[in-house]
There are 2 protein chains.
Amino acid sequence: MTREPEETVASKITRILAERIVSGALAPGEKLRQDHIAAEFGASHVPVREAFRRLEAQGLAVSEPRRGVRVAAFDPAEMREVAEMRSALEALALRHAVPHLTPAMLAEAERAADAADRCRDIRSWEAANRRFHRLLLAPCGMPRLLRTIDDLHAASARFLVGGSAAAWEPRVDVEHRAILAALRRGDADAACATLARHVKRIGPLPRRARVEQGGYPLFG
Amino acid sequence: MTREPEETVASKITRILAERIVSGALAPGEKLRQDHIAAEFGASHVPVREAFRRLEAQGLAVSEPRRGVRVAAFDPAEMREVAEMRSALEALALRHAVPHLTPAMLAEAERAADAADRCRDIRSWEAANRRFHRLLLAPCGMPRLLRTIDDLHAASARFLVGGSAAAWEPRVDVEHRAILAALRRGDADAACATLARHVKRIGPLPRRARVEQGGYPLFG
DNA sequence: ATTCGCTATTTTATCTATAAAATGGAGTGG
DNA sequence: CCACTCCATTTTATAGATAAAATAGCGAAT
């Protein structure tokens with residue numbers, strides 16, 4: 001069990017389980033057995049339980065006293081909820097980031113958007129997309145808000161990887177560019193409105209009619 | 001140490017410590033000693049540590065690996081951040097609650113607003129005010145959003161009780177009434193805008209000039 | 001006076017073991 | 001077949017102990 005010098009056992013277990021949940025290796029609703037996980041990591045139950053508490057905090061797991069922990073499920077309603085929350089909170093973060101965004105930061109964000117466009121698989125796309133968003137929002141300097149947005153991104157990533165990987169395909173994201181263009185001409189309102197809409201919009205329905213109508217926050 | 005049949009030791013410790021943090025009995029920045037708290041509750045360190053993880057999740061505590069846990073501090077920037085997040089998220093919740101609000105629910109909310117107006121101390125006012133908000137928002141049926149709002153309310157309560165109790169005084173909250181009136185005439189836009197503004201507005205500056213200018217989310 | 005090194009003590013993180021609660025299966029009765 | 005009871009087994013929650021890391025205090029060197 002390799003871990004960073006600063007990383008505690010509990011933190012490492014948290015990190016690895018979170019990755020598994022987000023990647024779909026641990027399925028929604030699946031029971032998380034503290035005894036099995038402890039055995040797998042060569043640890044005691046205690047750091048496993050601490051990891052569970054942290055996963056709960058991130059919305060990745062749900063527990064019931066004395067009955068164990070499950071990977072949090074997701075359904076269309078929750079996906080819409082996450083999309084709506086992201087829309088509201090990312091627009092708020094961008095509003096506060098705007099006064100701090102420099103041309104160099106926007107250039108960096110554009111490079112991130114380019115990198116996302118070049119991705120060939122959904123996982124690396126998701127990470128690159130998340131980076132793009134983070135580069136624009138972090139200058140808001142509001143830690144609680146950014147943490148909340150991170151958790152919502154993790155939930156989105158789960159829906160994406162677990163729900164619609166087959167529907168995804170490489171593309172150029174014109175809305176990323178529209179956000180950057182608005183920011184460059186100093187139009188904060190347009191940038192925020194575009195971002196809010198972008199986060200909420202539905203995936204590529206014209207090409208994949210079987211994708212369910214419902215406000216999936218999949219491709220923002 | 002009394003606890004509910006369903007409540008685990010860790011949950012009880014979480015609950016009690018959260019109450020102390022919100023009430024100000026545990027001060028911002030104060031060190032939370034796992035060994036002392038364990039001794040106080042007649043428990044081992046293990047459920048105390050689990051309680052710490054939960055308090056962190058609620059934003060009431062901050063921890064550093066191997067260096068312990070402190071009561072989360074608050075400063076004007078954080079208070080403004082919480083106000084902004086509440087404004088965005090409560091407006092979102094109300095928007096989604098509107099189609100589900102019945103006249104009976106609005107009457108109940110009005111009774112809660114009346115109860116808040118009658119409060120003689122800031123603590124009971126905070127609880128009544130929170131109840132008013134909750135009655136309006138809960139019909140949105142978005143659990144993650146409501147949990148997030150709850151945590152933000154706890155943070156607000158802390159600022160309120162710990163920061164400006166001396167500045168508070170009983171009053172009739174006309175904005176609560178304005179929100180209810182807008183809802184009753186079916187004007188969701190006005191209701192949401194009033195709520196957003198109400199959550200963000202500054203406390204009674206005209207009467208207490210020494211209260212710092214800064215966007216305190218104190219009296220919403 | 002300040003900085004560094006060393007050591008003792010304290011505090012945090014985790015272990016092993018155990019108690020309490022939940023679960024599962026078998027048997028019985030209607 | 002279904003519902004209930006009982007008991008064995010499993011799983012979760014926690015206690016007490018221990019190891020690892022951090023902190024505090026003292027003395028020596030500059």
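Letters A, B, ... mirror the listed sequences (proteins, then strands); counts begin at 1. Owing to the predicted nature of the structure, the values given are computational and were not obtained by experimental measurement.
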**Study point:** Residue B:Gln34, side-chain heavy atoms: nucleotide from C:dT14, C:dT12, D:dA22 that is nearest
**Key:** C:dT12

Review point. Given atom CZ of B:Arg66 and atom P of D:dA20, what is their separation to the nearest angstrom?
Key: 13 Å

Practice item. Send over the distance from A:Arg33 CZ to D:dT10 P, rounded to a whole Å. Key: 10 Å

Check your understanding: Rounded to whole angstroms, how far apart are CD on A:Glu50 and C1' on C:dT12?
Key -> 10 Å

**Study point:** Nucleotide D:dA20, atom P - distance to CZ of B:Arg49 in whole Å
**Key:** 16 Å

Study note, to complete from the structure: B:Arg53 CZ to D:dA13 P, in whole Å, measures 16 Å

Study note, to complete from the structure: Of the listed C:dT12, D:dA15, D:dA22, the closest approach to the B:Ser44 side chain comes from D:dA15

Exercise for review: Please state how far atom CG in B:Asp35 lies from atom P in D:dA20, giving the value in whole angstrom units.
Suggested key: 20 Å

Exercise for review: Assess the side chains of B:Asp117 and B:His176: does a donor N or O sit below 3.5 Å from an acceptor N or O?
Suggested key: no

What side-chain donor-acceptor pairs closer than 3.5 Å can you find for residues 135-148 of chain A, not counting sequence neighbours?
residue, atom, partner, partner atom, Å
A:Arg144, NH2, B:Glu78, OE2, 3.3
A:Thr148, OG1, A:Arg144, O, 2.9

Exercise for review: Can you tell me the distance, in whole Å, between the NE2 atom of B:His45 and the C1' atom of C:dT11?
Suggested key: 8 Å

Review point. Would one find a side-chain N or O of A:Lys31 under 4.0 angstrom from OP1 or OP2 of D:dT12?
Key: yes

Review point. Is the B:His45-B:His36 ring centre distance short of 6.0 angstrom?
Key: no

**Study point:** Which residue lies more 5' along DNA chain C, comparing A:Pro65 with B:Pro65 via nearest heavy atoms
**Key:** B:Pro65

Study note, to complete from the structure: Rounded to whole Å, the CD-P distance (B:Glu7 to C:dA21) equals 14 Å

Practice item. Go through B:Phe132 and B:Leu180 one step at a time and tell me if the side chain to side chain contact (heavy atoms under 4.5 Å, CB included) criterion holds. Key: CA-CA 11 Å; B:Phe132 169 77; B:Leu180 288 169; 4.0 Å; yes

